[in-house]
Undergrad: 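Sending over a structure as structure tokens; questions will come in a sec.
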Amino acid sequence: MWIARRSLTKPNYPGKLDHLAAGGISAGSGVWETLLKECTEEACIPESLASTARPAGTVSYAYEQDSALYLECQFVYDLEVPESFQPRVGDGEVQEFYLWPLDKVRGAIATQEFKPNCALVILDFLIRNGHIQPDTEKFYNKFVENLHGPL
């Protein structure tokens, strides 16, 4: 899995691990339009490749910041890239990229290294693709319930 490390100049979660490409949806923009834009800007993914991304659902969560409660819903897409693919830093929001085996990614989401919402989306990916199993993960049901609960 390709992992990004956020730029140290980012105001939120500087230096944390992140998705290959992600971003907020601007007013007047759609989900698909934003996906294509963020892929191009953050990781220099050509539109011809980014347009092969497939919708994989949503992940919902809430967090508290500055005495306010925020409810968030992330639109999740999976993008399979060729082995020869190499992301490049685009707009400066990312400082570097890593290609990690899924076991290393799984271990890293249990630490403080990832931006919290990114860890949730990766957890969802690992569950959807059978890398976390209900017979071997005692919190499997809780993970699934909390990733897809109503806000």
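Side chains included, hydrogens not; waters and symmetry mates left out as well; all remaining heavy atoms used.
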Undergrad: Atom OH of Y63 and atom CG of L69: how far apart are they, to the nearest 0.5 Å?
TA: 9.5 Å

Undergrad: What's the shortest heavy-atom distance between E93 and K10, and which atoms?
TA: OE1-NZ, 3.4 Å

Undergrad: Taking all heavy atoms of D124 and all of A56, pick out the closest pair and write down the distance.
TA: OD2-O, 4.5 Å

Undergrad: Contact between N129 and L102 at the side-chain level, heavy atoms closer than 4.5 Å - yes or no?
TA: no

Undergrad: Does Y77 belong to the same Ile/Leu/Val/Met/Phe/Trp/Tyr cluster as L147, with side-chain heavy atoms less than 4.5 Å apart forming each link?
TA: no

Undergrad: Heavy-atom distance under 4.5 Å between the side chains of W2 and Q86, does that happen here?
TA: yes

Undergrad: Distance from K37 atom NZ to D91 atom CG, nearest 0.5 Å?
TA: 8.0 Å

Undergrad: Please check if the side chain of K16 supplies one atom and the backbone of Q112 the other of a donor-acceptor pair under 3.5 Å.
TA: yes

Undergrad: Kindly indicate whether the side chain of T34, heavy atoms from C-beta on, has any atom under 4.5 Å from the side chain of S26.
TA: no

Undergrad: Could you report the tightest heavy-atom contact between H19 and A22, atom names first, then the distance?
TA: CD2-CB, 4.1 Å

Undergrad: Under the side-chain contact (heavy atoms from CB on, under 4.5 Å) test against F75, which residue among V59, V121, L35, V31 passes?
TA: V31

Undergrad: Does any non-hydrogen side-chain atom of V81 lie less than 4.5 Å from one of I45?
TA: no

Undergrad: Is it the case that the side chain of E47 and the backbone of T40 share a donor-acceptor pair, with hydrogens and angles ignored and the cut-off at 3.5 Å?
TA: no

Undergrad: Between I127 and L123, does the side chain to side chain contact (heavy atoms under 4.5 Å, CB included) criterion hold? Intermediate values first, please.
TA: CA-CA 6 Å; I127 290 169; L123 176 62; 4.1 Å; yes

Undergrad: Once you round to the nearest 0.5 Å, how far does NZ of K104 lie from CG of L99?
TA: 10.0 Å

Undergrad: Give the minimum heavy-atom separation between L8 and P14, together with the two atoms involved.
TA: O-CB, 3.5 Å

Undergrad: Kindly indicate whether the side chain of F97, heavy atoms from C-beta on, has any atom under 4.5 Å from the side chain of V89.
TA: yes

Undergrad: List the steps, then state whether side chain to side chain contact (heavy atoms under 4.5 Å, CB included) holds for N117 with Q74.
TA: CA-CA 8 Å; N117 64 344; Q74 300 285 312; 3.6 Å; yes

Undergrad: Taking atom CD of Q65 as the centre, does the number of heavy atoms from other residues, nucleotides or ligands within less than 6.0 Å exceed 12?
TA: yes

Undergrad: For a 4.5 angstrom cut-off between non-hydrogen side-chain atoms, does L49 reach C39?
TA: no

Undergrad: Look at the side-chain heavy atoms of Ile, Leu, Val, Met, Phe, Trp and Tyr, link any pair under 4.5 Å apart, and say whether I109 and L20 land in one connected group.
TA: no

Undergrad: Verify side chain to side chain contact (heavy atoms under 4.5 Å, CB included) between M1 and F125, making sure each step is shown before the conclusion.
TA: CA-CA 11 Å; M1 179 180 283; F125 174 87; 3.4 Å; yes

Undergrad: With sequence neighbours left out, which residue pairs that include part of residues 73-87 fulfil the salt bridge (charged side-chain N to carboxylate O under 4.0 Å, His left out) condition?
TA: D78-R128

Undergrad: Would you find a donor on one side and an acceptor on the other, under 3.5 Å apart, between the side chain of R5 and the backbone of G15?
TA: yes

Undergrad: Please determine whether residues V94 and L79 belong to a single hydrophobic cluster, defined as Ile, Leu, Val, Met, Phe, Trp and Tyr linked transitively by side-chain heavy-atom distances below 4.5 Å.
TA: yes

Undergrad: I need the minimum non-hydrogen distance between E38 and A21, along with the two atoms involved.
TA: O-CB, 3.8 Å

Undergrad: Are Y13 and L120 connected in the hydrophobic side-chain network, where two residues link if heavy atoms are under 4.5 Å apart?
TA: no

Undergrad: Got H131 and R106 here, is their nearest side-chain heavy-atom distance under 4.5 Å?
TA: no

Undergrad: Angle class for the F143/F139 ring planes (parallel below 30°, perpendicular above 60°, tilted otherwise)?
TA: tilted

Undergrad: Please identify each residue that fulfils side-chain hydrogen bond (donor to acceptor under 3.5 Å, both in side chains) with S7, with sequence neighbours left out.
TA: T9

Undergrad: Could you tell me which non-hydrogen atom of S48 sits nearest to which non-hydrogen atom of S51, and how far apart they are?
TA: O-OG, 3.2 Å

Undergrad: Can a donor-acceptor pair be found, under 3.5 Å and without considering hydrogens, that links the side chain of H148 to the backbone of T58?
TA: yes

Undergrad: Using a 4.5 Å cut-off on heavy atoms from C-beta on, say whether the side chain of I3 contacts that of V105.
TA: yes

Undergrad: Kindly assign one of parallel, tilted or perpendicular to the pair F114 and W100, based on the angle between their ring planes and the thresholds 30° and 60°.
TA: perpendicular

